[in-house]
There are 2 protein chains.
Amino acid sequence: MPFSVATTAPTVAPVPMPEAPVIEKIAAEKSRCSTCSARAKGLCAALTPEQLPELAAASRPGDLLSANLVVNEGEKAEAVFTVVSGMLKLYKTLPDGRQQITGFATVGDVIGLAVGESYAYTAETVTASTVCRVSRASLARLMERNPAVQGRLLAMTSVELSAAQDQILLLGCKTAAERVSSFLLASGRRSKRLVDGKPSVFLPMSKVDIGAYLGLRPETLSRVLRKLEDAGQITRLSNDRIRLDDLDGLEASATVSA
Amino acid sequence: MPFSVATTAPTVAPVPMPEAPVIEKIAAEKSRCSTCSARAKGLCAALTPEQLPELAAASRPGDLLSANLVVNEGEKAEAVFTVVSGMLKLYKTLPDGRQQITGFATVGDVIGLAVGESYAYTAETVTASTVCRVSRASLARLMERNPAVQGRLLAMTSVELSAAQDQILLLGCKTAAERVSSFLLASGRRSKRLVDGKPSVFLPMSKVDIGAYLGLRPETLSRVLRKLEDAGQITRLSNDRIRLDDLDGLEASATVSA
DNA sequence: TCGTCGGCTTGATCTAAATCACGGCGGCGG
DNA sequence: CCGCCGCCGTGATTTAGATCAAGCCGACGA
């Protein structure tokens, strides 16, 4: 078991390693971070090549199926996690069960940074994912030795804060149509995959989750998507992929309540 | 003029100093930060007594009447500001004029930290205020020389992020009554002033502003306040002060939609 | 192959909050 | 002292989105 987390479903068993001399295993372990898909992103980007073995020693990657919890709101914050692959949803829950998704995390994002003693939100995989665990103590040691790590953390937190304020604007002011259009455009800015020369977005999360992120019921989301499709601004290529056909039109829908 | 900012109303003229030898003025200027009401708060708390003269040299306090802009969304971010006294509202504006207040800033809070080139929001005084300007370059120099400053900045940004996520939960999930109760309780946690043995909150901003913060129209806010008053949970002592009579009741109103 | 189940979509109805309308009150200037 | 103006509160009405209800479709297991 790579590391233990509260789960609602079993983790994927680690792939059994083929026979190899111990010395090679250690070498592979030491260089793990240098070949990681998150190497150039998130916190890891602040590390020098020389520091990678240290990080490799302090971190532990783990594979999870979908619908697994990585951190749990209110629990003692012992570690942070870097997303190596997959997607997670971050959400807060009210006592009566209502949930608000505050964001989605993908490769390079850091999960579980806590102000106080405990996690402020729950993080749950929405697809099978790999996340890399670093204890708070290790992170603190890393920051001490390398001020660039702290700077990087500050930059990442600031970006997240800015995104959170955009979300506040969206939830406080915008209509359903504006929310959905804003979301599609923001998603499109990230995923650069083109389909037939048009940008498209990959949305592996359920419609309920997208609604919980935008402060909308799934029925409302469905209706808005239909309108956008009828208006020729989007095409639903599959259940989890939408092509953005008319960026200007979406931009208009995103601010002029239409 | 202490420093120039875009304003919608004239700043207060600096109080004319009584006659004093130049040498005393310089001494007073050097020790300004050590007697500042924000000394123990915000960024300044991370500075050693020895660094205060340096900060005094790099900063400039300025007095503003209410309804003045300190930073303007979209403008080039040249400096940050520490609130020394008074209260400001921070808001974002949509092209058609809708405004969402993302927070209120009081003594010790830092305004104008920007991720990129330009300010992400507008900051406007809601009461007469004093804010202390530090250029981005000076702040960068201060951080370089004293890693504690960067750490402090990270801590403050993290707290703000956490507050922003709470606000996302409020705007995405909660009913009008829940929003108002949550707001009153959160305000009460800050201002510890007791009236007749009960906590009370000082709300110098207009009802429109409170509404713009909670994602509600002022009419709705008014109706909810009336209900809370009729339920014996609050008393309106004056237009800008509310006494919280029943914290448990408010707590219930804040989460169980009532 | 069939049947079940859960997520998605669409239609009908309901409701919380927005909008519209108006009256009162307090501060400020004349 | 009076009159104006802007903020506040309250009632009447409207509406965007929630809720309720039902059918569709693809995935999965037997």
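Lettering follows sequence order; numbering is per chain, from 1.
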Check: A/F81 and A/R133 side chains under 4.5 Å, non-hydrogen atoms
yes
With a non-hydrogen cut-off below 4.0 angstrom, is A/G215 in contact with a base, only sugar-phosphate, or nothing?
sugar-phosphate
Between CG of B/D209 and P of D/dC8 the distance, given in whole Å, is 9 Å
In this structure, how many angstroms lie between the C1' atom of C/dA17 and the CZ atom of B/R179, rounded?
9 Å
Name the nucleic acid region contacted by A/L216, choosing base, sugar-phosphate or nothing; use a 4.0 angstrom heavy-atom cut-off, strictly under.
sugar-phosphate
What is the distance from NZ of A/K207 to P of C/dT10, rounded to the nearest Å?
12 Å
So what does A/R236 touch, heavy atoms closer than 4.0 Å: a base, only the sugar-phosphate, or nothing?
sugar-phosphate
Let me know the distance between NZ of B/K227 and P of D/dT10, rounded to the nearest Å.
13 Å
On the nucleotide D/dA18, are OP1 or OP2 found under 4.0 Å from the side-chain N or O atoms that A/T220 carries?
yes
Are B/S206 and D/dC7 close enough that a side-chain N or O sits under 4.0 Å from OP1 or OP2?
no
Starting the side chain at C-beta, find the nucleotide from C/dA17, C/dT10, D/dG17 nearest to B/T175.
C/dA17
Pair of N/O donor and acceptor under 3.5 Å linking C/dC20 base with B/E219 side chain:
yes
Just N and O in the side chain of B/R226: are any of them under 4.0 Å from OP1 or OP2 of D/dT10?
yes
Give the rounded distance in Å between these two atoms: CD of A/E229 and C1' of C/dC8.
13 Å
Can a donor-acceptor pair under 3.5 Å be found between the side-chain atoms of A/R223 and the base atoms of C/dG11?
yes
Go through the steps to decide whether A/R179 and A/L171 satisfy the test side chain to side chain contact (heavy atoms under 4.5 Å, CB included), and finish with yes or no.
CA-CA 8 Å; A/R179 294 180 197 197; A/L171 292 170; 3.9 Å; yes
Are A/K174 and B/Q100 side-chain neighbours, meaning at least one heavy-atom pair lies under 4.5 Å?
no
Value in whole Å for how far the C1' atom of D/dA16 lies from CZ of A/R217:
14 Å
Atom-pair distance (CG on B/L221; P on C/dA16), nearest Å:
18 Å
Please check this pair: side chain of B/T255 against backbone of A/L94, looking for a donor-acceptor N/O pair closer than 3.5 Å.
no
With a 4.0 Å cut-off on N to O distance, would you call A/D96 and A/R98 a salt bridge?
yes
Integer-rounded Å distance: D/dC25 P and A/N239 CG
14 Å
